Protein chains: 2
Amino acid sequence: MEARHLRYALALAEHGHFGRAARALGIAQPPLSKQIADLERETGARLFDRTRQGVLPTAAGEAFLARARRALAEMAAATVDAGRAARGETGRLRLGFVASALLDPLPDVLGRFGRERPDVRLELHEMASGRSTAALVAGDLDVAVTLGPPRGAGAEHLVSVPIGHDHLIAVVGSAHPYAGQASVSVAQLRRQPLVVAAGEDEPAVAAGLRTLFGEDSAALDGATAARDVHTIIGLAACGVGVGLGPSRMLSVPRPGVRFCGVTPRTALPDLVLSFADRDRSPALGAFLDTVRGNCPDVGAALDLRLARG
Amino acid sequence: MEARHLRYALALAEHGHFGRAARALGIAQPPLSKQIADLERETGARLFDRTRQGVLPTAAGEAFLARARRALAEMAAATVDAGRAARGETGRLRLGFVASALLDPLPDVLGRFGRERPDVRLELHEMASGRSTAALVAGDLDVAVTLGPPRGAGAEHLVSVPIGHDHLIAVVGSAHPYAGQASVSVAQLRRQPLVVAAGEDEPAVAAGLRTLFGEDSAALDGATAARDVHTIIGLAACGVGVGLGPSRMLSVPRPGVRFCGVTPRTALPDLVLSFADRDRSPALGAFLDTVRGNCPDVGAALDLRLARG
DNA sequence: CCCCTTCATACCCACAAAGTATCGCTACCC
DNA sequence: GGGTAGCGATACTTTGTGGGTATGAAGGGG
């Protein structure tokens, strides 16, 4: 049985007349008669009663037509759905990101994307940079925001573009002696208990800290390790110590803490957006479009990377 | 787009390989490639990624395949449903009947039919014989049980067969003087208030009563008119009068009343089953089969009538 | 009673689906 | 690194069938 048979049967039922149904279908009457006859032979049931007053579906015909309508509706929807999926209007986007990205670029981008593509299901997974990279390579994520460019096995097949610069700043409780200082020096930091990001989770940040303190990491050995920036800020607010973290902490207005610069100024790894260029899903394409629209400079860098690859 | 395209796309997705999918479909590989290419051109979206590791559906392909599966399932169900409807296993049967038929032949037949054809929706309409006949002719009923053969416009196109004989009996309250008599005479009836079926609703019964009482219908003029047998029995039980009705009243064991014969014995019109022979629905055919199985003599008469027509 | 309407049948043609042969590409493997 | 095997795409041929035209059969209406 072919879709043609369904279309013909529906037209015949609608017009109640072989001749008129055939004209509506753009074919002659005899082919329509033959197709309907073939259909009735295949189903093994008479589907239409040919009376003088017109052609009426039998009970079997009514049952058949109800299914036929649904079948054709599904077929039409198949094309529509495929188109929407291909344009990235539906589908899902699995995004892995480091917690600090949630402070600055992600709220804008995700808000915009949610408005532009309301039917794309966003799956957000906060995770350390290394896990994001591995998940991208394994195909468990579509796109990731990491600290520093992706490293490790398979990372060479990923496309990545920086989406934010960063440097180290300090955060202290309002009552802390350093509160109110524009910046604190390394010497000052050495005299205080520190709160920093856990080294094994974010080696790139750990590297920045080592750059700041030099090879003498005694100050870092005694530091309290926190899993993410929110914890660092929270611990600093409690007076546990001087928190050290990325400058994008500044975008979290939080009572009870003060931020100060750190001298010398110490660059941290860029926030980097990356994805697997092979089997790029339409939803990912739409997401990249949104990123382009949100920050034109990132878009330009992206185009450059894609053109090179 | 034809069903073939859906079948091919599903086979390709299942096997992940043009050659193997084509073999499973019983065609060569190039035609499959062409049909898939045609489908992708028609939907305007790439549906499959051809990689070395195999052929995998894209996001658009997944969306398409989900719809395709449902469409093909509907098409398969269309054939199945049509067959079931044609065999009278599904559908509906609209039955009109006089109330007295509910006493004797209908409970058996309907019970059996409900067990044999659980998926046929029974629509039962208690109505007077004349209305049943008109509804049959108008196509608003599939089958009817009436008192006497159908009369009136269009009745000649109906097929009918008697399914039960009947004669007049009397019903009185347990305390009534006649209670306990095996039968009552016309003379006895003339001395009592009577309860009879309303004449205009069932003219055939009224004719039987006139036969019993002769042309002197004075006794009937004063009688209480009831719409159905249940009302006659109920009124007799209350002592309103002597009820006169069909002998099938005997099959309703009811406390508080006694039944007696009437002399002379007066035949009532037969219970008659009738239906329109033209556009006989499969459900009606199944119903007639049930009737045949339930009462072989009625079945034989039915076959005779249908063979003649 | 003839004619008109309507669907079915007979026959033909043309197109497209399927078959055959071959090419291009990639990955793999000696 | 070149030969080779596997896979999908392309080119061309064949064939089945969907559709067109002509006509027949049957029933109803003027």
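Sequence lines set the chain letters: A, B, ... in the order given, protein chains first and strands last, and positions in each chain run from 1. Everything numeric in this text was worked out from a predicted model, so none of it was measured.
- The two atoms that bring A/Ala101 and A/Pro105 nearest to each other are O-CD, 3.0 Å, heavy atoms only.
- Contact footprint of chain A on DNA chain C: nucleotides with an atom under 4.0 Å from a non-hydrogen protein atom, first to last in 5' to 3' order, C/dT6 to C/dT9.
- When the side chain to side chain contact (heavy atoms under 4.5 Å, CB included) test is applied to A/Ala28, the partners found at least two apart in sequence or on another chain are A/Pro30, A/Pro31.
- The closest side-chain heavy-atom distance from B/Leu110 to B/Phe287 is below 4.5 Å.
- Side-chain atoms of B/Arg94 come within 3.5 Å of backbone atoms of B/Gly139 as a donor-acceptor pair (strictly under, hydrogens ignored).
- Among the atoms of the strands shown, only primed sugar atoms or phosphate atoms (P, OP1, OP2) are found under 4.0 Å from some heavy atom of A/Gln35.
- Ion pair B/Arg292/B/Asp303 flagged as a salt bridge, since at least one NZ, NE, NH1 or NH2 atom sits closer than 4.0 Å to an Asp/Glu carboxylate oxygen.
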Would you tabulate the side-chain donor-acceptor contacts of residues 33-40 of chain A under 3.5 Å, counting partners in other chains and residues two or more places apart, or write 'none'?
from    : atom 1 : to      : atom 2 : distance (Å)
A/Ser33 : OG     : A/Gln29 : NE2    : 3.0
A/Lys34 : NZ     : A/Asp38 : OD2    : 3.1
A/Gln35 : OE1    : A/Arg4  : NE     : 3.4
A/Gln35 : OE1    : A/His5  : NE2    : 2.9
A/Asp38 : OD1    : A/Arg41 : NH2    : 3.1
A/Glu40 : OE1    : A/Arg50 : NH1    : 3.3
A/Glu40 : OE1    : A/Arg50 : NH2    : 3.2
A/Glu40 : OE2    : A/Leu47 : N      : 2.9
A/Glu40 : OE2    : A/Phe48 : N      : 3.2
A/Glu40 : OE2    : A/Arg50 : NH1    : 3.0

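- Contacts between residues 2-26 of chain B and DNA chain D, defined by a heavy-atom separation below 4.0 Å, involve B/His17, B/Phe18, B/Gly19, listed by number.
- For the pair B/Pro30 and A/Arg50, nearest-nucleotide mapping onto DNA chain C gives the more 5' position to A/Arg50.
- Take the nearest nucleotide of DNA chain D for A/Gln53 and for A/Asp38: the residue whose nucleotide is more 5' is A/Asp38.
- In this structure, A/Leu273 and A/Leu288 have side chains that are in contact, with non-hydrogen atoms separated by less than 4.5 Å.
- First and last contacting nucleotides of DNA chain D toward chain A (any atom under 4.0 angstrom from a heavy atom, 5' to 3' order): D/dG18 to D/dG28.
- Checked by atom type and distance alone, the side chain of A/Arg305 pairs as donor or acceptor with a backbone atom of A/Ser160 at under 3.5 Å.
- Pairs passing the side-chain hydrogen bond (donor to acceptor under 3.5 Å, both in side chains) check and including a residue from residues 57-81 of chain A, sequence neighbours excluded, read A/Arg67-B/Glu74, A/Arg67-B/Asp81, A/Glu74-B/Arg67, A/Asp81-B/Arg67.
- Between B/Ala82 and A/Ala60, the shortest heavy-atom distance links the atoms O-CB, 3.3 Å.
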